Number of protein chains: 2
Amino acid sequence: MNKPLILTVEDDVPVRNLITTTLKTHGYRILLAANGEAAILEASSHNPDIILLDLGLPDMDGVEVIKKIRTWSNVPIIVISARSEDADKIEALDSGADDYLTKPFSVEELLARLRVTQRRLALMGTEAGQQTSVFTNGALKIDYAAGCVYLGGEELHLTPIEYKLLCLLSQNVGKVLTHTFITRNIWGSSWDNDIASLRVFMASLRKKLEKGPGKYQYIQTHIGIGYRMLRVGNDD
Amino acid sequence: MNKPLILTVEDDVPVRNLITTTLKTHGYRILLAANGEAAILEASSHNPDIILLDLGLPDMDGVEVIKKIRTWSNVPIIVISARSEDADKIEALDSGADDYLTKPFSVEELLARLRVTQRRLALMGTEAGQQTSVFTNGALKIDYAAGCVYLGGEELHLTPIEYKLLCLLSQNVGKVLTHTFITRNIWGSSWDNDIASLRVFMASLRKKLEKGPGKYQYIQTHIGIGYRMLRVGNDD
DNA sequence: TAGGCATCTTAATGCTGCCTTAATTTCTTT
DNA sequence: AAAGAAATTAAGGCAGCATTAAGATGCCTA
């Protein structure tokens with residue numbers, strides 16, 4: 001996950017400043033809202049990762065804000081409130097809040113609770129999203145997550161540079177990639193002119209990937225320009 | 001979801017009775033454990049939907065129970081504790097707890113927090129954290145709950161780091177794990193560049209796990225990248 | 001408190017395999 | 001047919017790896 005975006009809903013300026021500076025120094029991005037209406041607007045327009053909501057807002061009941069947001073979003077909502085009675089907590093939690101902190105709260109605890117929420121988001125992401133991140137092209141299969149390459153069921157053993165090269169080509173199927181584009185992506189932007197090495201790696205990659213010398217179905221060479229991976233049929 | 005199964009870990013009898021009767025009248029099914037060891041055993045054998053954990057256990061630190069369970073499961077853990085200091089909360093939450101209630105707590109609040117957890121479980125789809133606590137791969141068997149490793153019936157004695165290393169690899173079977181990924185997971189993100197140590201531990205782990213030098217069927221090395229555990233056949 | 005055991009760390013050695021360069025062959029274009 | 005571009009092959013150097021051993025640290029026991 002990138003830097004998580006947190007919507008902070010708080011009208012009390014000192015508390016708000018404390019929260020925002022703390023969160024910023026811990027690598028979060030911040031959105032601000034000082035009342036319920038603004039909170040709903042921000043939440044709907046910017047899709048924050050987590051919402052930090054003070055229940056004591058000037059314009060409307062915080063619980064109403066929760067209910068409103070819950071009509072379209074399951075974003076985690078952590079409530080901060082001055083009221084510590086059970087009835088308040090229960091109402092907020094049952095209305096859709098995920099956690100409830102009572103003022104005065106410790107900044108460290110808030111950070112810990114945020115980490116818990118993030119951890120859970122990460123879990124949901126990997127399981128719900130089921131990011132297979134597998135590339136298939138004819139008999140060729142690349143599992144980016146596992147770092148493995150298969151050709152017709154058999155696993156190919158590629159050296160690091162060969163693997164990078166193949167990834168680069170596969171992620172731009174159909175596009176012609178220039179020599180310098182490839183070398184810069186593999187080596188960094190310093191070398192530039194070492195097309196000779198590139199040719200050697202291309203040869204060894206093709207040796208493992210293609211059927212015979214001269215019969216290239218996956219990687220095509222464009223003279224004077226560079227290379228390109230082709231989409232191939234489903235044959236094996 | 002059917003009636004949720006809740007593992008209650010509490011050694012204080014009156015509190016335990018209060019909780020169990022309350023939960024039962026609210027439609028939950030209950031598992032009980034009065035100490036850490038029993039808790040781990042129950043958690044690993046019955047796959048509860050939620051765990052209610054009192055940190056003050058007679059036999060071991062509650063945080064250790066959390067860490068142990070987290071080695072194989074993502075089941076929601078709600079902590080109940082008499083200690084209300086920030087440091088305790090943070091330690092528990094960062095160790096893998098999902099929520100933290102301080103005694104004396106209101107039964108109503110506990111029920112509300114349980115409802116929040118259930119709501120979230122329903123969101124995540126069924127059985128989010130359900131993993132077996134025993135990993136098998138060929139002749140290799142790892143019992144995460146017990147912390148034991150077997151190779152063809154024989155128990156292996158692994159040092160803590162060797163064990164962590166093996167767990168990390170086994171939980172990502174088939175994936176290539178980079179050096180830095182491994183070192184960060186084992187030592188934390190501070191060291192980073194100590195690949196030398198990693199190699200030594202890998203050697204000693206292989207010495208215990210693999211047949212002979214050079215004949216590696218479980219752990220494969222990817223030069224310039226890292227290591228990976230392979231799925232092996234059932235033969236031995 | 002001191003000694004011993006187990007584990008961790010660091011350093012050193014030999015070795016495998018990857019990268020690079022260069023030279024030769026094949027292909028393409030004019 | 002000749003020249004340039006690309007493919008291929010081979011060989012030397014070197015980075016990364018496995019393995020061993022010795023020193024450092026911490027923990028348990030007597």
Side-chain angles (χ1 to χ4, degrees), chain A residues 147 149 156-169 176-188 190-229, chain B residues 64 147 149 155-169 176-188 190-229:
Chain A
V149 179
L156 290 187
H157 177 63
L158 300 184
T159 71
I161 291 185
E162 288 165 6
Y163 179 72
K164 276 191 197 174
L165 187 53
L166 183 62
C167 285
L168 202 61
L169 288 165
V176 179
L177 305 180
T178 66
H179 297 129
T180 58
F181 177 84
I182 297 175
T183 53
R184 283 187 187 177
N185 262 280
I186 291 182
W187 289 74
S190 49
W191 290 67
D192 262 15
N193 250 346
D194 199 4
I195 304 183
S197 300
L198 175 58
R199 287 197 232 276
V200 177
F201 284 112
M202 194 59 79
S204 64
L205 178 58
R206 276 170 162 165
K207 193 175 216 169
K208 296 175 181 176
L209 196 65
E210 307 279 7
K211 295 183 176 177
K215 254 309 190 186
Y216 304 141
Q217 62 169 330
Y218 290 108
I219 303 175
Q220 198 178 52
T221 138
H222 284 234
I223 292 183
I225 316 245
Y227 298 89
R228 142 175 103 153
M229 174 174 285
Chain B
E64 293 308 313
V149 180
E155 177 164 3
L156 290 186
H157 175 65
L158 299 185
T159 72
I161 291 185
E162 287 165 6
Y163 178 72
K164 275 191 196 173
L165 187 53
L166 184 62
C167 285
L168 203 60
L169 288 165
V176 179
L177 305 181
T178 66
H179 297 128
T180 57
F181 177 83
I182 297 175
T183 52
R184 284 186 185 174
N185 263 279
I186 292 184
W187 284 286
S190 49
W191 294 68
D192 260 15
N193 250 348
D194 199 5
I195 304 183
S197 300
L198 175 58
R199 287 197 233 276
V200 176
F201 284 110
M202 194 58 80
S204 62
L205 177 58
R206 276 170 163 167
K207 195 175 217 170
K208 297 175 181 176
L209 196 64
E210 306 279 6
K211 295 183 176 177
K215 254 308 189 186
Y216 303 140
Q217 63 168 329
Y218 289 108
I219 303 175
Q220 200 179 51
T221 139
H222 283 233
I223 293 184
I225 313 266
Y227 299 89
R228 137 178 108 152
M229 174 174 285

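Treat the numbers as computed from the prediction; the structure is a model and nothing was measured. Letters go in sequence order (proteins before strands), and every chain restarts at 1.
Exactly one residue among A/K211, A/E210, A/R228, A/R206 makes a side chain to side chain contact (heavy atoms under 4.5 Å, CB included) with A/Y218. That residue is A/E210.
Between A/L169 and A/M229, the closest heavy-atom pair is O-CB, 3.9 Å.
The CG-C1' distance, from A/L198 to D/dA6, rounds to 11 Å in whole Å.
Counting heavy atoms from C-beta on, the side chains of B/I223 and A/T159 never come closer than 4.5 Å. With contacts defined as side-chain heavy-atom distances shorter than 4.5 Å, the pair B/W187/B/I161 qualifies. Between B/T183 and B/D194 the shortest side-chain heavy-atom distance does not fall below 4.5 Å.
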For nucleotides 6-8 of chain C, which of its nitrogen or oxygen atoms have a protein nitrogen or oxygen under 3.5 Å away, and what is each distance?
residue, atom, partner, partner atom, Å
C/dT7, OP1, B/H157, NE2, 2.7
C/dC8, OP1, B/I161, N, 3.3
C/dC8, OP2, B/T159, OG1, 2.7

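For the residue pair B/E155/B/H157, the side-chain donor-acceptor check at 3.5 Å is not satisfied.
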Practice task
Using a 4.0 Å cut-off on protein heavy atoms (strictly under), produce a 5'-to-3' string for nucleotides 16-21 of chain D with B for base contact, S for backbone-only sugar-phosphate contact, and - for none.
Solution key: SSBBB-

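Ring geometry, A/H179 versus A/Y227: the interplanar angle exceeds 60°, so the pair is classed perpendicular (tilted spans 30 to 60°).
Within a 6.0 Å radius of NZ in B/K208, more than 12 heavy atoms belonging to other residues, nucleotides or ligands are found.
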